[in-house]
Amino acid sequence: MVHSNLKSLIKGIRACKTVADERALIQQESAAIRASFREEDSFQRHNNIAKLLYIHMLGSPAHFGQIECLKLVASPRFADKRLGYLGIMLLLDENQEVLTLVTNSLKNDMNHSNMYTVGLALCTFANIASEEMSRDLANEVEKLLGSSNTYIRKKAALCALRVIKKVPDLADHYVAKAKSLLTDRNHGVLLTAITLASEICQLNDDLLSEFRDAVPLLVRNLKSYVTTGYSPEHDVSGITDPFLQVKVLRLLRMLGKGDSHASETMNDILAQVATNTDSTKNVGNSILYETVLTILDIEADPGLRVMAINILGKFLSNRDNNIRYVALNTLNKVVSMDTNAVQRHRNTILDCLRDGDISIRRRALELSYALINEQSVRILVRELLAFLEVADDEFKLGMTTQICVAAERYAPNKRWHIDTVLRVLKLAGNFVREETLSAFIRLVAHTPELQHYTASKLYLALKADISQESLTLAATWVLGEYNDIILENGVVDDDNPVRVTDKELVDLILSTLESPYANSLARQYTLTSITKISSRSTTSRSEQERIHEVLAKYTTSPELEIQQRAVEFASLFNLGSIQEGVLERMPPPELKATVMGVVSEKKPVGSTKVDDLLGDDTSSSQVHTNGPSVAAQSNQDLLAEIFGSSTLTSTPSTAAVSTPSAHRSAVNDILGLFGSTPAAAVFTPAPIQTPKAINTPSAPLPQSQSQSPPPQASTSGSSRLTTYTAYDQNGLKITLTPQTSPAKPGIVMIMARFQVTGVSPVTGISFQAAVPKTQQLQMLPMSSSTVNAGTVETQQMRVIAPVGSNVRLRLRISYAIDNQSYQEQVDFAGFPSGLTGKNS
């Protein structure tokens with residue numbers, strides 16, 4: 001049965017009892033429609049297209065009706081045109097060849113006398129226009145932007161938006177029309193005009209200046225929306241046209257960014273919007289949020305910035321989780337701009353740590369880390385430790401790292417630092433990184449006045465709980481190393497020393513050996529610890545024999561590492577005085593500037609500061625990441641692996657083993673880098689080479705000479721620090737900021753900063769440096785080998801040079817952008833003379 005119209009077809013399909021019946025009916029109806037198309041039945045064309053579009057909406061094929069839609073568009077009847085254009089929008093897309101046939105119909109209808117017909121053509125164009133069609137009809141759209149009819153102007157503005165998205169080169173054609181539309185009083189036209197102007201500004205920064213003249217006009221419009229009374233036509237929850245207000249604020253944000261004059265013009269109205277907008281409703285909150293973003297992006301007054309941050313703080317007390325999440329996200333971005341203003345909302349932020357929504361807890365944690373400084377470290381670390389006690393396991397690894405790094409950077413004293421790490425070990429010992437544990441052991445070794453206190457705390461903590469792995473490792477190491485202090489002075493418990501015998505100490509440590517929580521590493525620590533105890537004069541003969549029996553027992557352990565250690569330690573008992581020399585207390589390990597990687601919350605953390613390194617001449621580098629632990633290598637070791645010369649240093653990830661001949665060749669190349677002529681910068685893009693190719697003489701790096709880049713203005717926030725651009729190519733910019741100390745002439749600390757100047761992230765960065773043979777270079781690893789847009793990664797370098805000499809660097813940079821690899825070499829000599837001090 002063939003249905004005569006759409007209404008009867010819908011009834012028939014709804015009457016079908018099974019999917020098979022429905023499919024059969026649709027196939028039958030489609031066949032009838034195709035037959036009618038072949039007969040060129042113009043009277044039934046309208047009904048057939050209507051039925052076909054319904055069939056298309058049900059998911060069945062309807063492409064055979066495309067040409068019939070074009071025929072309907074050519075009809076003089078408005079109803080036929082409307083259905084034809086609807087069919088074109090549903091059945092065609094911009095990639096179909098049939099679309100070229102539509103262009104002429106659109107052009108004719110755009111010039112039609114009926115405004116609704118023009119509206120149909122503009123609506124269709126805005127939905128399906130291809131690049132070719134946009135070029136063909138761009139002039140028609142431009143004419144309609146000047147129409148006297150607001151209905152047509154509004155739709156033409158949307159069509160212009162489609163044109164510049166498809167053909168960005170045509171954006172400048174619409175600048176004048178877009179500026180004139182900004183004076184329109186119709187809200188619909190103004191909304192589309194602002195959208196068009198915003199898109200033009202985003203596509204071409206050069207056109208921003210064209211629209212900055214309209215800032216006073218936009219300010220007046222926004223003021224009228226804020227101060228106007230009730231307007232039933234545009235009112236939404238008591239606020240006049242919030243959609244238009246948001247669009248105006250976004251355009252003002254673009255125009256005010258980086259322009260102090262435009263920012264000054266809009267300061268007053270932004271303050272008025274922030275003050276007068278009702279925050280009890282979601283509509284008002286959306287306007288306030290856009291106002292805050294605008295204030296933070298433009299060159300606003302400091303007082304206005306504080307007001308914006310206060311608004312975000314108020315959002316944190318809102319019941320709506322979405323509003324709180326948005327506020328935390330925004331505060332995370334602006335905390336570096338005005339930390340003190342954000343600190344005022346610290347209590348509210350800490351309250352968010354107890355929120356039931358895990359996303360809010362995560363954002364609040366990130367913000368809490370960023371707020372830690374010398375003044376707030378005690379309060380914030382106390383709150384973070386309280387949260388650590390009840391936190392989900394997925395948070396604990398990142399939290400322990402962040403808390404320990406904060407304690408290392410901002411600890412008011414060493415006892416507080418040790419207490420904080422001990423608390424972390426007790427609460428989340430199974431979620432502590434290896435590098436955090438080793439940093440704690442280094443701290444204890446370098447704090448002899450607190451070794452008795454620390455050993456006592458660890459003794460009591462281990463006695464109470466042996467389930468925390470890192471606590472067990474720290475306790476066995478410290479008690480083994482400083483057991484004589486414990487045995488002589490006892491354990492301090494609530495300021496009252498309690499006598500501890502060697503048997504009690506050995507019993508406690510041996511209890512970890514057979515513990516169900518013990519792993520291979522813990523057993524290795526335990527064997528080392530009891531061997532140390534056995535060599536001390538404070539240990540009785542009976543306990544020494546007992547320890548020897550334990551070691552003898554493990555000489556047959558199936559675990560190779562345990563067996564080897566037990567055999568070696570057991571053999572020491574027969575060496576007399578040699579045993580005491582081998583097992584005497586270890587000297588304090590070398591202090592190392594700790595650089596943490598990226599923790600699970602994606603927040604970079606670190607404790608390396610230029611002042612720290614200047615304060616310790618013997619500092620060397622160690623890398624810690626959130627992946628598998630990598631043993632720290634000295635600069636000399638890295639050098640031997642990479643280039644075989646002590647004058648070149650790189651990060652450990654770039655090390656590659658080369659042949660001896662390649663080493664000698666690399667040494668000769670490096671020693672000859674700096675002759676009598678001044679060093680110059682080299683910018684030569686080339687495909688990245690494999691490590692073998694880099695180290696072999698047959699694959700030299702391409703070189704070409706150019707002048708050293710001029711220094712940039714200071715960006716470090718100090719008038720004594722100046723930043724110099726060392727490299728700026730292919731979307732990656734590298735700047736160098738030197739710092740010296742009058743107390744240490746000849747030592748120059750250099751902070752290298754890596755940032756993206758384009759939109760694509762830079763990945764796989766390998767940064768290597770060389771200095772003349774009269775100088776020495778030390779490098780710490782990069783904070784991250786991937787630089788995203790809007791972030792800055794850093795790397796510390798220290799150059800030791802003869803006093804009065806010039807610091808010169810040869811840099812080798814490898815990286816990838818959008819799967820395109822680059823390798824560059826740069827000779828940098830842009831630092832001022834006298835940086836290393838003056839000869840006396």
Checklist entry - Going by heavy atoms in the side chains, are Gln778 and Met749 under 4.5 Å from each other? => result no
Checklist entry - Under the 3.5 angstrom rule, does the side chain of Ser456 hit a backbone N or O of Val491 as a donor-acceptor pair? => result no
Item to check | Distance-only polar pair, side chains of Arg753 and Thr737, donor-acceptor under 3.5 Å | outcome: yes
Item to check | Check: Ile750 main-chain N/O paired with Gln739 side-chain donor or acceptor under 3.5 Å | outcome: no
Next on the checklist: Check this for me: does any side-chain nitrogen of one of Glu481 and Lys532 sit under 4.0 Å from a carboxylate oxygen of the other?
Outcome noted: yes
Checklist entry - Between Arg415 and Tyr453, is any pair of side-chain heavy atoms under 4.5 Å apart? => result yes
Next on the checklist: Has Ser529 got a side-chain atom pairing as donor or acceptor with Thr526's backbone, closer than 3.5 angstrom?
Outcome noted: no
Next on the checklist: Test your reading of the model: is there a side-chain donor-acceptor pair from Asp301 to the backbone of Leu304, 3.5 Å cut-off?
Outcome noted: no
Next on the checklist: Once rounded to the nearest 0.5 Å, what's the spacing between atom CD1 of Ile372 and atom CD of Gln402?
Outcome noted: 7.5 Å
Checklist entry - Counting only N and O atoms by type, is there a donor-acceptor contact under 3.5 Å from the side chain of Thr725 to the main-chain atoms of Thr735? => result no
Item to check | Trp477 and Met586, any side-chain heavy atoms less than 4.5 Å apart | outcome: yes
Checklist entry - Of Thr501, Val506, Leu505, which is the lone residue that meets side chain to side chain contact (heavy atoms under 4.5 Å, CB included) with Lys503? => result Thr501
Checklist entry - Does a side-chain heavy-atom distance below 4.5 Å link Ile466 with Leu462? => result yes
Next on the checklist: I'd like to know if the side chain of His452 and the backbone of Gly490 have a donor-acceptor N/O pair within less than 3.5 Å.
Outcome noted: yes
Checklist entry - Between Arg536 and Asp502, is there a salt bridge with N-O shorter than 4.0 Å? => result no
Next on the checklist: Is there a side-chain contact between Lys333 and Thr330 in this structure, where contact means two heavy atoms from C-beta onward sitting under 4.5 Å apart?
Outcome noted: no
Checklist entry - Are a donor atom and an acceptor atom from the side chains of Asp351 and Thr348 found within less than 3.5 Å of each other? => result no
Checklist outcome for this item: Value for CG (Leu371) from NE2 (His345), rounded to nearest 0.5 Å, stands at 10.5 Å
Next on the checklist: Contact between Leu296 and Val292 at the side-chain level, heavy atoms closer than 4.5 Å - yes or no?
Outcome noted: yes
Item to check | Residue pair Leu350 / Ser368, side-chain heavy-atom distance below 4.5 Å | outcome: yes
Checklist entry - Is a side-chain donor-acceptor pair under 3.5 Å present for Ser520 with Gln524? => result yes
Item to check | Sidechain N-carboxylate O distance under 4.0 Å for Glu383, Arg354 | outcome: yes
Checklist entry - Can you tell me if Asn788 uses its side chain to pair, donor with acceptor, with the backbone of Thr791 under 3.5 Å? => result no
Next on the checklist: Please check this pair: side chain of Arg361 against backbone of Asp392, looking for a donor-acceptor N/O pair closer than 3.5 Å.
Outcome noted: no
Checklist entry - Does the ring center of Phe431 lie less than 6.0 Å from the ring center of Phe395? => result no
Item to check | Arg442/Glu408 ion pair, N-O < 4.0 Å | outcome: no
Checklist entry - Is there a donor-acceptor pair closer than 3.5 Å between any side-chain N or O of Gln451 and the backbone N or O of Val444? => result yes
Item to check | Asn483 and Tyr459: side chain donor to acceptor below 3.5 Å | outcome: no
Checklist outcome for this item: Minimal heavy-atom distance between Thr476 and Leu473, with the atoms involved, is OG1-O, 3.0 Å
Item to check | Spacing of CZ belonging to Arg798 relative to NZ belonging to Lys744, to within rounding of 0.5 Å | outcome: 8.0 Å
Checklist entry - Hey, mind stepping through Glu504 and Lys463 against salt bridge (Lys or Arg N to Asp or Glu O under 4.0 Å) and telling me if it holds? => result CA-CA 10 Å; Glu504 290 174 334; Lys463 198 172 182 180; over 6 Å; no
Next on the checklist: Measuring only between side-chain heavy atoms, which start at C-beta, is Gln775 closer than 4.5 Å to Ile800?
Outcome noted: no
Item to check | Shortest non-hydrogen contact from Leu388 toward Lys396 | outcome: O-CE, 3.7 Å
Checklist outcome for this item: So CD1 of Ile533 and CG of Asp484: to nearest 0.5 Å the spacing works out to 10.0 Å
Item to check | Closest approach of Arg378 to Pro412 (non-hydrogen atoms, all atoms of both residues) | outcome: NH2-CG, 3.4 Å
Checklist entry - Do Arg324 and Phe315 meet the cation-pi criteria used here (NZ or CZ under 6.0 Å from the six-membered ring centre, within 45° of the axis)? => result no
Checklist entry - Quick one: do Arg499 and Glu488 make a salt bridge, cutoff under 4.0 Å? => result no
Item to check | Short side-chain to backbone donor-acceptor contact, Gln776 and Ala801, under 3.5 Å | outcome: no
Checklist outcome for this item: Rounded to the nearest 0.5 Å, the CD1 atom of Ile441 sits from the OG1 atom of Thr436 at a distance of 11.5 Å
Item to check | Spacing of OG1 belonging to Thr512 relative to OH belonging to Tyr525, to within rounding of 0.5 Å | outcome: 12.5 Å
